[in-house]
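Input: a single structure, listed below in structure tokens.
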Amino acid sequence: MSLLEVRGLTRDFGGLRALDDLGYAVARGPIHAVIGPNGAGKTTLFNLIAGIYVPTAGRILIDGQDVTALPTWRRARLGLARSFQNLQLFENMSGLDNVRTGLHRHEPASLLGAMLAWPAIRRAERAGRKRAEELLAFVGLEAWAEVMAEAMPYGVLKRLEIARALASEPRLLMLDEPAAGLNATEKGEIDGLIRKVAAAGTTVVLVEHDMKLVMNLAERILVLDHGRRLAEGTPAEVRADPAVARAYLGTGHAA
Amino acid sequence: MASRHRGLVLLAAVVLALPWFLANKFHFQVAILIGLNALVCVGLNLLIGYAGQISLGHAAFFGLGAYVPALLVDKLRWDSSLALAAGLAAVGLLAFAVARPILRLKGHYLAMATLGLGIIVAIVINRELDLTGGPDGMSVRAYRIGDLRLRGEWTWYWITGGTLVLGVWLAQNLIDSPAGRALRALHGSEVAAESLGIDVAGFKVKAFVISALYAGLAGAMTAHFLQFVTPIEAGFLRSIEFVTMVVLGGMASTLGVVVGAAILTLLPQLLTGFHDYEHLVLGAILMGMMIFLPKGLVPSLAALWTRWRAQS
Amino acid sequence: MAEFLQFLFAGLTSGAIYALVALGFTLIYSSSHVINFAQGEFVMLGGLATVGLLAAGVPLLPAALLAIVLTAAAGIALEKLAIEPARNAAVVTLIIITIGASILLRGAAQLIWGKDYHRLPAFTGETPLEIGGATLLPQSLWVIGVTILIVLGLRWFFGRTLLGKAVLATSHNRLAAQLVGIDIGFVLLLSYGLSAALGALAGILIAPITLTSYTVGTMLGLKGFCAAIVGGLGSGAGAVVGGLVVGLAEAMATGYVSSAYKDAVAFVIILVVLVFMPSGLFGRRGTDRV
Ligand SMILES: Nc1ncnc2c1ncn2[C@@H]1O[C@H](COP(=O)(O)OP(=O)(O)O)[C@@H](O)[C@H]1O
Ligand SMILES: [Mg+2]
């Protein structure tokens, strides 16, 4: 059974069909990529899977369970995590607290218990702090633990968002353009980071425009254009596909 | 001692030391009212400062907390503690019932909805003359535990001080917990919070109910202490006063809102000499503070202090 | 039938006033994204300033015009001295600033005009007209007529004049407006001044019917705010419809149900509208992008 499967997924915005009758399955394990020109519907696909947009038609299954009707937070509790194309950090919180928030689904979240300082919650607090520090180290951000997110540079925020997503120990991690806006060194770091995450057993789905990065990392690639599936296969197959070349040349992108 | 309790100890010390500086009954009265307003603000701050949800209607919960127990004792001869519990239950239920639909709204729409709710409650209290005495208010019996009547400034000073310290302790515990981080997170980004498995709507409801309970309890205590209550306590301006205390002292700073409550409770007392100018001055102070210290008094001063220390 | 007509007249009159206040809210909200809680005080200032000028011997028309100009100046001062310096502040902060302004204006009015209720003479006599068995005050016709003229005038201003289009452009996209050379600072001053003038006009029109004092601004302002939200904040047509909805509902509820809860009607409407149509009757709904 696939870890993630979407069937006949469609989403309209007014008159615009951003995603059109898409079928797509993600097997457990390797790194997957979704590519396509700007406006192809990649982010919309992520938002539909995460439950942030409601599909116009179609179904979404995680581990065979139909989650189409579940709210975002319930899907997240099933082990779905993501980063955002235009960063969604908690600016009012420190680096460490951002990551600690990622632990939420594994922590006792009772308000009453917290107010009464139940021992179980104080214990979880101590363990959570340690875990978050480890995760910050994992993405190389130990130095940023006590800095407020609103004061962090872009490259740091990108990695912080990944650390926060990892904190929830997802089964499926969706990264929306994790390397966009980064310089060559930072891209190298992200590349390494994604490999480390995948090696630790998390399935990764990646949206990315940097073809070198995608072709290096991904074992399977889905190509979207105008909300439809243009091609799917290994990097070599996708590269050899004439339809893909045409779509990219048509919109001025270099494959 | 955990660092989160440093402020709490400071507050407790102030509560313990203050009586030596209070010269007369009137001073005690003002101190008690400061404490009761501060109690409302500590709760409201969880909603506004931490969860980032504005409410311009919390005086409704304060007012219900005052009226419901008072009426149960007065009309039905209920025992004080039972009536208090029932009053808090009523406040909690009302808050719970309205929270979900109202808190789906954001920004100005949320402000408007909470304002509307507050005004409706105030109007009902004003209009149900037979029950509440209407605009003239009603007298409230002293709180009784068995044969003991809780009366007088000295008694209420310690009840208020103790409750405030307890209220701050509970709030501080919440802030430094997974649930507290969930509240701050949904303030920062609702989508991101949801995407991490946080039940945003649920946490908003809980924060709203808890802040309403703080307000309700403070309302009940105020009514029992003054042994009198008028609909003004539930009115629009009272709601505004609470929000202003929170923002003035410093949002997302528990000690800050206590300071805010102290300033805004003291100000009219200090201005009584200039009675005609009271509103003029109050309005000017509000505007000036918000324009020049938008983060609130305590956080702004704290930032100044840090900068000053870094320089020297 | 006569009874219904009577309630209808009352509803249209107060609805027109709420519409004017709501238009003022909408104007300021569109240009600066601030909800101006001092809007009701402009209504109060307009009425009381006219009363004061009349008492000083100025004839009605110049007194009214002068009162409108003075109130507009107060609106401009509010923008310049309080809103502008806090441009980047959070929504709550801005709300409290305008609430502070409203307390200040109320305090000033109380100092100048005292705590008494004042009455303006009706513009053209007090003899009620008989229509279908119901009576209609000539002043109500003034209220409704002037409101219609104002609505038409505003439509012309925003649809046909360069300045009006500049204001609209600013409300849609401030940055883009700036890039095409619109003077944002001036547009803001203009909308605060215009909005205050609208409020003052409403206050002058209604003062002969309902009396006026330094406290009348709060409720009028809040109901105008309800009307603006019912209409979906930021839509001029919405503000007018919202004003009429609130005014008519209030009049019908007062007439047919009970007058005790007259003031609650607007707020019940607002809760119902917000719960079932979270962006108002005329607001646009979209999916937030992330
Ligand atoms: N919330 C939204 N409202 C309206 N249109 C949207 C929204 N989100 C995406 N779209 C449209 O859907 C299409 C696909 O967008 P998107 O999924 O962001 O593309 P990609 O991520 O592949 O660049 C675009 O034409 C975009 O304008
Ligand atoms: Mg995208």
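Quick caveat, the model's predicted, so the values are computed rather than measured. Atoms considered below: every heavy atom in the structure, side chains included; atoms not considered: hydrogens, waters and symmetry mates. Naming convention: chains lettered A, B, ... in sequence-line order (proteins, then strands); numbering from 1 in each chain.
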For A/D176, all residues meeting salt bridge (Lys or Arg N to Asp or Glu O under 4.0 Å), sequence neighbours excluded: none
In this structure, CG of B/N173 is separated from CG of A/L116 (nearest 0.5 Å) by 8.0 Å
Donor-acceptor contacts, no H, no angles, side chain residues 137-149 of chain A, under 3.5 Å, sequence neighbours left out:
none

Chain B neighbours within residues 63-75 of chain A, where any heavy atom lies under 4.5 Å away: A/T72, A/W73
Non-hydrogen atoms of chain B under 4.5 Å away: do they reach the side chain of A/S83, the backbone, both or neither? neither
Determine whether B/S189 and A/F84 make a side-chain contact, defined as any pair of heavy atoms from C-beta on separated by less than 4.5 Å. no
Do you know the tightest heavy-atom contact between A/E125 and B/P178? OE2-CD, 3.1 Å
Of the non-hydrogen atoms in A/A109 and B/A179, which two are nearest, and what is the gap between them? O-CB, 3.5 Å
B/F96, CZ: over 12 other non-hydrogen atoms inside 6.0 angstrom: no
With a 4.5 angstrom heavy-atom cut-off, which part of A/I121 approaches chain B: side chain, backbone, both or neither? side chain
With heavy-atom distances below 4.5 Å as the criterion, would you say the side chains of B/V191 and A/R82 are in contact? no
Considering only heavy atoms, which portion of A/A50 lies under 4.5 Å from any heavy atom of chain B: side chain, backbone, both, or neither? neither
I need the contact set between residues 91-107 of chain A and chain B: heavy-atom distance under 4.5 Å, sorted by residue number. A/N92, A/M93, A/D97, A/R100, A/T101, A/G102, A/H104, A/R105, A/E107
So for A/L89, is it side chain, backbone, both, or neither that comes closer than 4.5 Å to the heavy atoms of chain B? backbone
Spacing of A/M115 atom CE and B/S177 atom OG [to the nearest 0.5 Å]: 9.5 Å
Spatial distance of atom CD (B/E194) from atom CD (A/Q88) [nearest 0.5 Å]: 12.0 Å
Quick one: what part of B/L183 sits under 4.5 Å from any heavy atom of chain A, side chain, backbone, both or neither? neither
Which atoms form the tightest heavy-atom contact between B/A207 and A/L111, and what is the distance? N-CD2, 4.5 Å
B/L196 CG to A/L80 CG distance, which is reported to the nearest 0.5 Å: 11.0 Å
Could you measure the distance from the CZ atom of A/F90 to the CZ atom of B/R181? Nearest 0.5 Å is fine. 11.0 Å
